Participant: 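Just passing along the structure, written as structure tokens.
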Protein chains: 2
Amino acid sequence: MDANAANLTAQGDVFGNRWEAPFGRASTAFERVLRANGRGFRAGTTLKLEGDDNGAVYVVLSGWLAMSKSLANGARQIVDIVVPGGIIDPSSAQSDICAVQIETLSYARIAVVARAEWMRLSEADASVRRFQAMTTAAALSRMSERMLRLGKASAESRIAYALIELCLRLSAIGGGSGNTYHLPLTQQRLGEYTGLSSVHVCRTIRRLTRGGLIDMSDHMDIVIHDIDVLACIADVDLEVLRRQIIVESTATVL
Amino acid sequence: MDANAANLTAQGDVFGNRWEAPFGRASTAFERVLRANGRGFRAGTTLKLEGDDNGAVYVVLSGWLAMSKSLANGARQIVDIVVPGGIIDPSSAQSDICAVQIETLSYARIAVVARAEWMRLSEADASVRRFQAMTTAAALSRMSERMLRLGKASAESRIAYALIELCLRLSAIGGGSGNTYHLPLTQQRLGEYTGLSSVHVCRTIRRLTRGGLIDMSDHMDIVIHDIDVLACIADVDLEVLRRQIIVESTATVL
DNA sequence: CCCGTGCATTTACCCCGGTTAATGCGGGCG
DNA sequence: CGCCCGCATTAACCGGGGTAAATGCACGGG
């Protein structure tokens with residue numbers, strides 16, 4: 001299966017607006033299923049409501065998704081952001097109910113795989129199971145990391161962490177270039193991701209840009225100038241973080 | 001395997017200080033492994049440090065564990081609390097590194113299963129995989145739910161949610177009785193769970209007790225008097241929450 | 001060209017919850 | 001018995017970040 005490595009397509013323009021998912025070209029049953037079930041969704045589409053019945057697993061082929069939850073007063077928290085190569089299994093303990101709302105942050109191509117078919121695939125192929133296990137572990141690490149910030153870190157640290165996390169994840173799949181990338185998020189949504197109000201996101205980003213740490217132009221085209229200082233503010237070790245949240249070499253796993 | 005249902009032992013005294021894990025009596029390979037690897041740990045033992053190498057999977061047979069992360073300044077966030085019947089897989093994306101610190105909150109019996117052996121078990125037995133999948137899904141739901149509170153809810157709501165979550169989880173495994181149970185947590189730790197300072201945990205609990213919603217005596221013996229109002233403050237629907245975070249009938253899955 | 005709309009930005013105001021520190025209180029132990 | 005230690009409780013203070021609202025700015029459509 002490693003033969004697929006040569007087929008990897010993980011391309012992005014300068015600001016990384018387009019990516020191909022890090023999957024091979026339909027040479028395995030898994031890849032054939034992805035290809036057969038791929039569908040396009042425009043930005044802002046809601047795929048699944050909280051509490052919705054839950055019959056499918058989603059594999060992101062391109063584009064960005066957000067998984068979020070809301071309180072009765074309408075306040076929203078983005079629980080995780082998923083980029084190409086990610087798997088979303090919306091099932092909760094009793095899998096007939098969905099714990100999160102899922103929506104596209106950009107145009108996205110997604111393989112919508114019926115649960116039964118997903119089970120068949122995963123029962124039949126240990127490497128699919130391994131891939132799913134690694135993806136899940138990465139998601140758990142990300143969420144733990146972000147819970148720590150939500151509970152204990154300052155606004156500056158939360159924003160710095162979010163910028164770094166997304167930068168690492170994007171460059172792992174070939175999005176953006178170096179420390180330059182585009183986020184398909186408004187400040188409002190970045191606030192929902194970091195547990196801040198949009199106003200305070202703005203204040204904080206302003207402080208970071210004035211300090212020369214980052215640049216932000218044209219609705220979230222990000223340039224990180226000094227990633228070491230940013231990592232220090234975010235309170236992360238870049239290499240350790242990468243090992244915890246990045247699934248290396250999707251192709252060699254599958 | 002359903003024959004094990006009769007063997008279920010999920011017992012607790014009035015305040016639920018002791019529980020047996022909801023596993024059967026060593027009649028399957030899985031149960032034999034649990035039994036063979038069971039070890040006791042006293043309260044406050046650290047099983048695994050953040051960044052530690054990560055060679056085992058833990059299955060909680062009795063007692064409570066906390067998974068936590070810390071910032072450089074020492075601030076700590078408890079990312080999840082695990083009760084009997086729970087599985088802890090400390091692996092992150094690259095499984096040689098551990099993303100969280102794991103420690104016992106009470107005396108605990110834990111099956112420490114080497115990763116290789118765990119893989120063998122799970123490869124060999126689809127019902128083990130199913131059990132692990134459900135446990136993971138439940139953990140993700142819990143974490144999502146708590147992230148929402150960390151990001152967007154008031155102190156009162158966070159405490160109310162924590163009390164309800166733990167009440168539901170405990171009664172599912174037969175801990176406590178009705179809405180009465182014991183938490184092996186200090187207010188400090190409850191603060192680390194909810195993202196609050198211990199002082200504010202105290203203030204908030206005081207307000208809830210003075211309002212007659214709950215009672216708390218003798219270091220965290222909890223009685224919930226009006227769970228409906230509490231659920232309203234926590235902004236949850238009890239039945240929906242239970243379906244999302246509780247793995248029903250461990251025995252019938254295995 | 002002129003609006004309308006959606007988003008970013010900034011200011012003014014204020015409150016929730018963190019911090020610090022003093023006090024109480026029970027339990028274990030010399 | 002008296003001491004210490006860990007924890008809960010309470011009060012005083014204050015600052016980070018929420019809220020509301022005004023302004024700017026880019027874009028698209030009539």
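Chain letters run A, B, ... following the sequence lines, proteins first, then strands; residues in each count from 1. Remember, it's a predicted structure, so these values are computed and weren't measured experimentally.
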Participant: Starting at the 5' end of DNA chain D and moving along, which residue's nearest nucleotide shows up first, A:H200 or B:S198?
Facilitator: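 So the residue in question is B:S198.
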Participant: Between B:L150 (CG) and C:dC16 (C1'), how many Å, whole number?
Facilitator: 16 Å
Participant: If you find the nucleotide of DNA chain C closest to A:M216 and the one closest to B:R158, which residue's nucleotide is nearer the 5' end?
Facilitator: A:M216
Participant: Using a strict cut-off of less than 4.0 Å between a Lys/Arg side-chain nitrogen and an Asp/Glu carboxylate oxygen, indicate whether A:E103 and A:R76 qualify as a salt bridge.
Facilitator: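 A salt bridge links A:E103 with A:R76.
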Participant: Is the distance from OP1 or OP2 of C:dT9 to the nearest side-chain N or O of A:Q187 less than 4.0 Å?
Facilitator: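 Checking A:Q187 against C:dT9: at least one side-chain N or O falls below 4.0 Å of OP1 or OP2.
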Participant: Rounded off to whole Å, could you give me the CG-to-C1' distance for the A:L183 and C:dC7 pair?
Facilitator: 15 Å
Participant: Less than 4.0 Å between a side-chain N and a carboxylate O, is that true for A:R243 and A:E239?
Facilitator: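 Between A:R243 and A:E239 there is no salt bridge, as every charged N stays at least 4.0 Å from the carboxylate O atoms.
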Participant: SG/B:C98 to CE/B:M67 distance, rounded to the nearest 0.5 angstrom?
Facilitator: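 Rounded to the nearest 0.5 Å, the SG-CE separation comes to 7.5 Å.
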Participant: Salt-bridged, A:E192 to A:R189, with N to O below 4.0 Å?
Facilitator: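 Result for this pair is yes, salt bridge flagged.
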Participant: Across the strands shown, which category fits A:T186 at heavy-atom distances under 4.0 angstrom: base, sugar-phosphate, nothing?
Facilitator: sugar-phosphate
Participant: Would you classify B:T204 as touching base, sugar-phosphate or nothing, given that sugar-phosphate means primed atoms plus P, OP1 and OP2, and contacts are heavy atoms under 4.0 Å?
Facilitator: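 Nothing: the residue B:T204, judged by heavy atoms under 4.0 Å, touches no strand.
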Participant: Nucleotide range of DNA chain D contacted by chain B, 5' to 3', under 4.0 Å to a heavy atom?
Facilitator: D:dC7 to D:dA12
Participant: Contact class for A:R206 vs. all strands (heavy atom < 4.0 Å): base, sugar-phosphate, or nothing?
Facilitator: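 Since only primed, P, OP1 and OP2 atoms lie under 4.0 Å of A:R206, the category is sugar-phosphate.
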Participant: Is there side-chain contact between B:W64 and B:L170, with at least one heavy-atom pair below 4.5 Å?
Facilitator: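 In contact.
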Participant: Across the strands shown, which category fits B:G195 at heavy-atom distances under 4.0 angstrom: base, sugar-phosphate, nothing?
Facilitator: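 The residue B:G195 makes sugar-phosphate contact but no base contact.
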Participant: Which nucleotide, C:dT9, C:dG17, C:dA21, lies nearest any side-chain atom of B:V199?
Facilitator: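 Minimum distance to the B:V199 side chain belongs to C:dA21.
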Participant: Taking CG from B:D221 and P from C:dG26, how many angstroms apart are they, rounded to a whole number?
Facilitator: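 Interatomic distance, CG of B:D221 to P of C:dG26: 15 Å.
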Participant: Below 4.5 Å, heavy atoms only, C-beta onward: do B:Q77 and B:L150 meet side chain to side chain?
Facilitator: yes
Participant: B:R207 CZ to C:dC16 C1': how many Å, rounded?
Facilitator: 10 Å
Participant: Check salt bridge (charged side-chain N to carboxylate O under 4.0 Å, His left out) between B:R39 and all other residues, then give those that pass, not counting sequence neighbours.
Facilitator: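 Salt bridge (charged side-chain N to carboxylate O under 4.0 Å, His left out) check on B:R39 returns nothing, list empty.
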Participant: Give me the atom names and distance for the closest heavy-atom approach of B:P84 to B:L61.
Facilitator: CB-O, 3.7 Å
Participant: Could you go through A:R158 and A:T204, starting from their C-alpha distance and side-chain angles, then the distance that decides it, and tell me whether this counts as side chain to side chain contact (heavy atoms under 4.5 Å, CB included)?
Facilitator: CA-CA 10 Å; A:R158 297 187 206 187; A:T204 307; over 6 Å; no
Participant: Any heavy-atom pair between the side chains of A:V100 and A:I88 that's under 4.5 Å?
Facilitator: no
Participant: Measure the distance from CG on A:L185 to C1' on C:dC7 and round it to the nearest whole Å.
Facilitator: 13 Å
Participant: Under a 4.0 Å heavy-atom cut-off, which of residues 68-82 of chain B touch DNA chain D?
Facilitator: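 Here the set is empty: none.
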Participant: Reckon A:R210 has a side-chain N or O less than 4.0 Å from the OP1 or OP2 of C:dT10?
Facilitator: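 For A:R210, the contact criterion (side-chain N or O under 4.0 Å from OP1 or OP2 of C:dT10) is met.
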Participant: I need the NE2-P distance between B:H219 and C:dG28, as an integer number of Å.
Facilitator: 11 Å
Participant: Can you tell me how far P of C:dA8 sits from CZ of A:R189, to the nearest Å?
Facilitator: 11 Å
Participant: When the distance from CD of A:Q188 to C1' of C:dG6 is rounded to whole Å, what number comes out?
Facilitator: 12 Å
